[in-house]
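Have a look at the structure below, then the notes.
First the proteins, then the strands, lettered A, B, ... as listed; each starts at 1.
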Number of protein chains: 2
Amino acid sequence: MPKVAESTVRRLSLYLRFLEEFEEQGTATVSSEALASRGGTTSAQVRKDLSFFGSFGKRGLGYQVAELASRLRQILGLGGRYSVALIGAGKIGTALFEHHGFRDRGFDIVAIFDRDPAKIGSVWSGIAVSDVAELERVLTANPVDIAILVTPADAAQEIADRLVRLGIKAILNFAPVQLNVPHEIAVRTVNLVLELEALSYALTNR
Amino acid sequence: MPKVAESTVRRLSLYLRFLEEFEEQGTATVSSEALASRGGTTSAQVRKDLSFFGSFGKRGLGYQVAELASRLRQILGLGGRYSVALIGAGKIGTALFEHHGFRDRGFDIVAIFDRDPAKIGSVWSGIAVSDVAELERVLTANPVDIAILVTPADAAQEIADRLVRLGIKAILNFAPVQLNVPHEIAVRTVNLVLELEALSYALTNR
DNA sequence: GTTTGTGAAACGATTCACAGCT
DNA sequence: AGCTGTGAATCGTTTCACAAAC
């Protein structure tokens, strides 16, 4: 398990996506150049990214599409399925729950929490919405691998603390705050307003 | 307009958020150290980030909260309001439309498009959903600054091409594809599955 | 005494370029 | 001949450390 940059991991995910497209089209081998042009990077970058994990190609030939895809799945830990808790059943939480892309790629939402009494107890595609006060009870009985946090900003840190105490190892955070958690816990924050502000900067500064 | 890294711009947005919190609490001045600890970075990083745009602090004292916030808004181009087109009125598109954070920060969704006849013509908070076939007509009559693309993967590139032809300058892309657009057009892609896969990598590799 | 602003140093990531297989 | 794998060179970002300002 070499230590590689975040940016490398992101590109590996992209390469996997492209390989799956090549696979569907029936392409058997690809060059680093083909993968690169598909993903807006360079062939040297592709080869360097892969080289952190081994050598998967044949010189003069390229990479076997199916084999490289399988290796990337293994590297990214996408062999099996992950169970996921969704915390916050508002608009965005609901949209994420109904988003098929997650299930399709091995991420199963198996628990939903909210603090709104109107939502608690309702059943969504077979999953009951629990009171967020029950977080400890529910996730102790049925532990999950990943939590998706979609609460208002003011609740996010408190829930994150409780998740950490429950031993969670990975959090996908949509609350517009910088979560404070021990460094061994993986956190990715998606801050939608931040993305728009980056576009605003680009628009104003030519 | 100095050329600064993407990562710097993201941090400036974060600093602005923190400054607004300090402002609410009635704090009048902050040090680079205070901003840094709030945002998980270092004081040197904060000072370097700001130094690209000028010198806004007083040595020995720190920064005036209100003044620095105002400077950051100016740097980020957040003085006025932006008009935004939402393309794709599915689950995530709907959630984004109803997301108050955008309006609160100056981004007004003023046009909605979809290709589903069941949705076309319905009116959401005063905005009629248009047929995506009408994209050119509607956006020529009422141009927007930013497009938020929330279409299925297979439609995204075609719509992006049409947006570029319409002269759009910034796209926030939620479709899980790598958009191919001229380099002078600002694109930020939010790929939710990619974020989960990055967590998967972190989980499997310790 | 405190904290900024900033060159210089350190670090990290990307690109180059070519030897080594096929 | 073609394409990978990889050290070395380059480029960009972060951190250091300190003189200057208050």
Side-chain angles (χ1 to χ4, degrees), chain A residues 1-15 18-19 22 27-72 75 178 183 198 201-202 205, chain B residues 1-15 18-19 22 27-72 75 178 183 198 201:
Chain A
M1 55 224 22
K3 75 157 222 339
V4 299
E6 186 63 41
S7 51
T8 296
V9 176
R10 298 181 79 86
R11 283 192 301 267
L12 293 179
S13 279
L14 283 174
Y15 302 156
F18 303 148
L19 286 167
F22 282 122
T27 314
T29 65
V30 284
S31 63
S32 55
E33 180 52 41
L35 274 176
S37 67
R38 190 72 191 61
T41 180
T42 66
S43 61
Q45 181 76 81
V46 171
R47 295 198 301 276
K48 181 63 89 179
D49 286 340
L50 297 175
S51 78
F52 292 123
F53 299 94
S55 56
F56 308 121
K58 292 248 184 307
R59 291 165 196 236
L61 242 175
Y63 304 87
Q64 292 297 117
V65 170
E67 193 213 324
L68 184 56
S70 147
R71 294 307 208 90
L72 287 181
I75 290 164
Q178 191 76 5
H183 70 284
Y201 176 82
N205 302 85
Chain B
M1 55 220 27
K3 78 155 221 338
V4 299
E6 185 63 40
S7 51
T8 296
V9 175
R10 299 181 78 86
R11 283 192 301 267
L12 293 179
S13 279
L14 283 174
Y15 303 156
F18 304 148
L19 287 166
F22 282 121
T27 312
T29 65
V30 283
S31 62
S32 55
E33 181 51 41
L35 274 176
S37 67
R38 191 72 191 60
T41 180
T42 66
S43 61
Q45 180 77 79
V46 172
R47 295 197 301 277
K48 182 63 89 179
D49 286 341
L50 296 175
S51 78
F52 293 122
F53 299 94
S55 55
F56 309 121
K58 293 250 183 305
R59 293 167 196 234
L61 242 175
Y63 304 88
Q64 291 298 116
V65 170
E67 192 214 324
L68 183 57
S70 147
R71 295 306 208 90
L72 287 181
I75 289 165
Q178 191 76 6
H183 70 284
Y201 176 82

Next item on the list: Measure the distance from CG on A:Asp49 to P on D:dT4 and round it to the nearest whole Å.
Entry: 13 Å

Check: Between C:dT15 and A:Thr42, is there an OP1 or OP2 to side-chain N/O distance shorter than 4.0 Å?
Finding: yes

Note to self: How many whole angstroms separate atom CG of B:Leu68 from atom P of C:dT3?
What the structure shows: 16 Å

Note to self: Any side-chain N or O of B:Gln45 below 4.0 angstrom from OP1/OP2 of D:dT13?
What the structure shows: no

Note to self: Working note: A:Tyr15 + A:Val30, criterion side chain to side chain contact (heavy atoms under 4.5 Å, CB included); need CA distance, chi angles, decisive distance, verdict.
What the structure shows: CA-CA 11 Å; A:Tyr15 302 156; A:Val30 284; over 6 Å; no

Notebook entry, point to check: To the nearest Å, how far apart are A:Arg11 CZ and C:dA13 C1'?
Noted result: 8 Å

Notebook entry, point to check: Which listed nucleotide (D:dC18, D:dG5, D:dT14) is nearest to the side chain of B:Arg47?
Noted result: D:dC18

Check: Looking at D:dT13, D:dT14, C:dT4, which one has an atom nearest to any side-chain atom of B:Ala5?
Finding: D:dT13

Next item on the list: Measure the distance from CD on A:Gln64 to P on D:dC3 and round it to the nearest whole Å.
Entry: 14 Å

Next item on the list: Could you work out which one of C:dC18, D:dT14, C:dT4 sits closest to the side chain of B:Ser32?
Entry: C:dT4

Notebook entry, point to check: So, is A:Ser7 close to the C:dT14 phosphate, meaning a side-chain N or O under 4.0 Å from OP1 or OP2?
Noted result: yes

Next item on the list: To the nearest Å, give me how far apart CZ (A:Phe52) and P (D:dG5) are.
Entry: 13 Å

Checklist line | Side chain proximity check, B:Tyr63 to B:Leu50, heavy atoms < 4.5 angstrom | finding: yes

Checklist line | Donor/acceptor link under 3.5 angstrom from A:Arg59 side chain onto base of C:dT22 | finding: no

Margin query: Could you tell me how far apart A:Phe56 (CZ) and C:dC21 (C1') are, to the nearest whole angstrom?
Written below: 17 Å

Next item on the list: When you get a sec, tell me which of D:dG5, C:dG5, D:dC3 is the closest nucleotide to the side chain of A:Ser31?
Entry: D:dC3

Margin query: Expressed as a whole number of angstroms, how long is the span from A:Lys48:NZ to C:dT15:C1'?
Written below: 9 Å

Check: Testing A:Val9, A:Leu72, A:Leu35, A:Thr8 for side-chain contact (heavy atoms from CB on, under 4.5 Å) with A:Asp49, which one passes?
Finding: A:Thr8

Next item on the list: Would you kindly give the CG-to-P distance between A:Leu35 and D:dG5, to the nearest whole Å?
Entry: 12 Å

Checklist line | side chain to side chain contact (heavy atoms under 4.5 Å, CB included) evaluation trace for A:Ile75 with A:Phe56 | finding: CA-CA 12 Å; A:Ile75 290 164; A:Phe56 308 121; 4.1 Å; yes

Margin query: Quick check on D:dG2: is either OP1 or OP2 less than 4.0 Å from any side-chain nitrogen or oxygen of A:Tyr63?
Written below: no

Check: Side chains of B:Leu12 and B:Phe53: closer than 4.5 Å at any heavy-atom pair?
Finding: yes

